[in-house]
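Below is one structure, written out as structure tokens; comments come after it.
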Amino acid sequence: MNELEVYGLIGEDGFRRLVRAFYAQVPGDDLLGPMYPRDDLAGAEERLREFLIGRFGGPPTYVEKRGHPRLRERHAPFRLDHAARDRWLTLMDRALTEAQLPDGAVTVLRPFFHEVATFLRNA
Ligand code: HEM
């Protein structure tokens, strides 16, 4: 499956379930919890969801609202060391399982998350 076909397969609902399952774990996480805006977790959830939807073949809502993602710059305020990277991926791997997405989508999404998380390391 090609990256741009993922949206056609799982739709907005698939991304919604995935990102919700990820953010449901964030507030209780000792490492990641403190990094995220406690009073705007719903906003953070929306940003990640819209980014992923646009990246995988859906409507470009994220870029319309936020412009070019510039993910390295936008993560610069946070200390993304080896432990933070691993923890983020642990939460996302769990979310991928919980969201019960079709194998074709998981096969594309899992390596994508691993690559970007490694690229974002800044400490
Ligand atoms: C490596 C571990 C990571 C950590 C600790 C981390 C942490 C954070 C935090 C604390 C925010 C701010 C929340 C907000 O207000 O939006 C954020 C934003 C964001 N993250 Fe990550 N992140 C990580 C990896 C990733 C990966 C792998 C992706 C993409 C696949 C990603 C995509 C985004 C996006 C799209 C935003 C919103 C940017 C914006 O428009 O402001 N992050 N991240």
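Below, all heavy atoms of this structure are taken into account, side chains as well, without hydrogens, waters or symmetry copies. All ligand and atom numbering here is 1-based and tracks the order in the structure. Since this is a predicted model, take the numbers as computed values, not measurements.
Residue Gln100 places its CD atom among 12 or fewer non-hydrogen atoms of other residues, nucleotides or ligands, all under 6.0 Å distant.
The shortest N or O to N or O distance between Arg66 and ligand 1 is below 3.5 Å. Close N/O approach between Tyr62 and ligand 1 is found [any backbone or side-chain N/O within under 3.5 Å].
Side-chain atoms of Arg66 do not come within 3.5 Å of backbone N or O of Arg47 as any donor-acceptor pair. When atom types are taken as modelled, the side chain of Arg110 and the backbone of Phe112 share no donor-acceptor pair closer than 3.5 angstrom.
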| request: Could you give me the CA-CA distance, side-chain angles and deciding distance for Glu46 and Lys65, then say whether salt bridge (charged side-chain N to carboxylate O under 4.0 Å, His left out) is met? | output: CA-CA 11 Å; Glu46 181 176 274; Lys65 286 187 184 167; 3.3 Å; yes
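By the criterion of a heavy-atom distance under 4.0 Å, the side chain of His75, and not its backbone, is placed next to ligand 1. The proximity of Met35 to ligand 1, defined as any non-hydrogen pair under 4.0 Å, involves the side chain as well as the backbone. When heavy-atom distances to ligand 1 are checked against a 4.0 Å cut-off, Ala44 comes that close through both its backbone and its side chain. When non-hydrogen atoms are compared, ligand 1 lies under 4.0 Å from the side chain of Leu71 (C-beta onward) but not from its backbone. Only the side chain of Leu32 comes within 4.0 Å of ligand 1, judged by heavy-atom distances.
At the top of the distance list for atom 32 (C) of ligand 1, counting protein heavy atoms only, stands Leu48 CD1, 3.6 Å. Ranking protein heavy atoms by distance to atom 1 (C) of ligand 1, first place goes to Leu80 CD2, 3.6 Å. Protein heavy atom in closest approach to atom 15 (O) of ligand 1: Arg47 NH2, 2.8 Å.
Contact of the Ile53 side chain with the Tyr62 side chain is not registered, since no non-hydrogen atoms from C-beta on lie closer than 4.5 Å. Counting heavy atoms from C-beta outward, Leu101 and Arg17 have side chains that approach closer than 4.5 Å. Counting heavy atoms from C-beta outward, Asn2 and Glu5 have side chains that approach closer than 4.5 Å. Leu109 places a side-chain heavy atom less than 4.5 Å from the side chain of Phe56.
Listed by number with element, the atoms of ligand 1 under 4.0 Å from a non-hydrogen atom of Pro37 are 13 (C), 15 (O). The distance from ligand 1 to the heavy atoms of Phe51 drops below 4.0 Å at these ligand atoms: 29 (C), 35 (C). The contact set between ligand 1 and Leu120, taken as ligand atoms under 4.0 Å from a residue heavy atom, comprises 24 (C), 25 (C), 26 (C), 42 (N).
By heavy-atom distance, the residue among Phe22, Trp88, Phe112 lying nearest atom 27 (C) of ligand 1 is Trp88. The closest heavy-atom contact to atom 6 (C) of ligand 1, among the options Phe119, Phe113, Tyr36, comes from Tyr36.
The CZ atom of Phe22 sits 10.0 Å away from the CD atom of Glu45 when rounded to the nearest 0.5 Å.
Taking 4.0 Å as the cut-off between side-chain N and carboxylate O, Asp81 and Arg85 do not count as a salt-bridged pair.
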